[in-house]
Amino acid sequence: MPELPDVEIYRRRLDSKALNQAIERVQVAAPALLEGISPRGLARALVRHRFALTQRHGKHLFVRIDRGDWLALHFGMDGDLAYYGPAGERPSYAGVVIDFGNGFHLAYVSSRKLGRITLARDPHDYVAKKHLGPDALALDRKTFVALARRGRGAVKTWLTNQRVIAGVGNIYSDEILFQARLHPKRELGTCNDADLGHLFDSMRKVLRSAIAARADARRMPHRFLLPARLAGGYCPNCGARLRTLRAAGRTTYFCAHCQH
DNA sequence: CTCCATGTTTAGAA
DNA sequence: CTTCTAAACATGGA
């Protein structure tokens, strides 16, 4: 699930539970998740330290290690963060488990192992190296419109390009375009100021609603596409059967009647 | 067995 | 150089 809203939920979970606890041990069950650092190196960076604060940029989560670097987490297609106590059970597919002095644990969970864990000097440095665009929720309307004016091609491809704007992926781009009533393949160059303003508003509304719904489609407003898509099929606006196409290399759901 | 999946990177084509 | 597509990554589920 990990697009911007999901990662924001992970960030808040870590923030409310796992800060300022002494790290006693780091177990790496899936070394393939680590990028540019060995299991021993990761343990050396973390053990006897504490997490001080968190930060998020797009789909990337950063955790400041006191008197040290930042832990940078990306979650791929199915990554998750689980926090559990002494009585809790280690989740399946826990690739990295951090044990705290209070008996609690933080686990990076992923079966497909498409995410990555690494150390960064600081978030800014990491964002620059990855060529990430501005965070979707930190972006103001003027900058958004200016970026869009420079963009080319299908609006969905542009919106999901992390080098343009960081945080929007396949699932939420469908929701944003549905709310903005824009066809996923609509050429960006044919969008006027009203279209772009509407797109910006929809992006903020969708991302903020998703965070408020704890990134759970079942808790989202019933006028959203997401719950309908889970249920399997009809436009919550006009009732037409939803259609699919391929855009930006991925399956795209949309309403041909409402989106142009 | 086949196909598909919420992400990213890379190779190759146009 | 830009843009797009397909494949690859690893694995589970329908």
Side-chain angles (χ1 to χ4, degrees), chain A residues 1-11 28-36 56-61 72-82 91-96 108-118 120 126-133 135-136 147-178 184-190 203 206-207 209-211 213-220 224-233 242 244-254:
Chain A
M1 298 183 205
E3 295 182 32
L4 185 153
D6 312 271
V7 177
E8 177 62 16
I9 297 302
Y10 302 165
R11 188 189 74 76
V28 179
L33 288 168
L34 304 187
E35 188 172 75
R56 183 191 55 68
H57 187 102
K59 308 173 187 177
H60 302 260
L61 174 60
L73 305 167
H74 185 265
F75 297 94
M77 292 221 285
D78 73 337
D80 195 3
L81 272 189
S92 304
Y93 307 110
V96 175
Y108 177 104
V109 182
S110 171
S111 69
R112 288 167 205 169
K113 303 190 185 90
L114 292 176
R116 288 296 175 262
I117 299 171
T118 188
Y126 178 97
V127 165
K129 280 186 179 140
K130 295 272 183 186
H131 306 287
L132 297 175
D135 179 79
L147 285 174
R149 285 263 163 271
R150 300 184 64 89
R152 295 284 177 272
V155 63
K156 170 153 174 170
T157 307
W158 177 78
L159 192 58
T160 55
N161 183 349
Q162 302 302 298
R163 290 186 175 211
V164 178
I165 296 171
V168 179
N170 194 39
I171 289 282
Y172 289 106
S173 65
D174 281 2
E175 186 66 62
I176 291 164
L177 292 170
F178 175 74
K185 292 253 180 171
R186 174 73 176 274
E187 286 290 317
L188 201 52
T190 70
M203 180 178 78
V206 166
L207 296 176
S209 300
I211 291 168
R214 285 173 272 172
D216 181 343
R218 292 164 305 181
R219 296 177 190 276
M220 289 177 203
F224 269 33
L225 184 69
L226 243 64
R229 178 180 166 170
L230 274 188
L242 295 174
T244 61
L245 54 73
R246 300 284 290 179
R250 314 205 69 91
T251 301
T252 300
Y253 290 79
F254 73 109

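So you know, we letter chains A, B, ... as the sequences are listed, proteins then strands, and number each from 1. Everything numeric here is computed off the predicted structure, so don't read it as measured data.
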Just checking Gly153(A): base, sugar-phosphate only, or nothing, at a heavy-atom cut-off of under 4.0 Å? sugar-phosphate
What integer distance in Å separates His60(A):NE2 from dG7(B):P? 11 Å
Can you find a heavy atom in the side chain of Leu81(A) that is under 4.5 Å from one in the side chain of Phe75(A)? yes
How many Å lie between OH on Tyr253(A) and P on dA5(B), as a whole number? 7 Å
Check whether any side-chain N or O of Lys59(A) sits under 4.0 Å from OP1 or OP2 of dT8(B), and answer yes or no. yes
Atom-pair distance (CG on Asp78(A); P on dA10(C)), nearest Å: 13 Å
Watson-Crick or G-U wobble mate for dT6(B), both contacts under 3.5 Å: none
With a 4.5 Å cut-off on side-chain heavy atoms, are Asp78(A) and Leu114(A) touching? no
Measure from the side-chain heavy atoms of Thr157(A) and tell me the nearest of dT6(B), dA5(B), dC4(C). dC4(C)
Compare side-chain N and O positions of Lys113(A) against OP1 and OP2 of dC9(C) and report whether any pair is under 4.0 Å apart. no
Looking at Trp158(A), is its backbone amide N or carbonyl O close enough to the side chain of Asn161(A) to form a donor-acceptor pair, meaning the two atoms are under 3.5 Å apart? no
According to a strict under-4.0 Å criterion, is Arg116(A) in side-chain N/O contact with OP1 or OP2 of dT8(B)? no
Length of the line joining Arg250(A):CZ and dC3(B):P, which is rounded to integer Å: 18 Å
DNA chain C nearest-nucleotide lookup for Arg246(A) and Gly151(A): closer to the 5′ end is Gly151(A)
Any His74(A) side-chain nitrogen or oxygen under 4.0 Å from OP1 or OP2 of dT8(B): yes
Expressed as a whole number of angstroms, how long is the span from His57(A):NE2 to dG7(B):C1'? 16 Å
Determine the interatomic distance between C1' on dC3(B) and the same-named atom on dA6(C); round to the nearest Å. 16 Å
Does dA10(C) have OP1 or OP2 under 4.0 Å away from a side-chain N or O of Ser110(A)? no
Between Leu114(A) (CG) and dT9(B) (P), how many Å, whole number? 12 Å
Any side-chain donor paired with an acceptor under 3.5 Å for Thr252(A) and Arg246(A)? no
Would you tell me if any nitrogen or oxygen in the side chain of Tyr93(A) comes within less than 4.0 Å of OP1 or OP2 on dG12(C)? yes
May I ask you to decide if the ring planes of His74(A) and His60(A) are parallel, tilted or perpendicular, using 30° and 60° as cut-offs? tilted
Only one of Arg56(A), Arg214(A), Lys59(A) clears salt bridge (Lys or Arg N to Asp or Glu O under 4.0 Å) with Glu8(A); which? Arg56(A)
Donor-acceptor pair present, Arg112(A) side chain and dA5(B) base, under 3.5 Å: yes
Whole-Å distance between dT6(B) C1' and Ile9(A) CD1? 15 Å
How many Å lie between CH2 on Trp158(A) and P on dT2(C), as a whole number? 18 Å
Taking dT6(B) as the reference, what is the distance to dT3(C) when you measure between their C1' atoms (whole Å, please)? 24 Å
Complement of dA10(C), any strand, by Watson-Crick or G-U distances under 3.5 angstrom: none
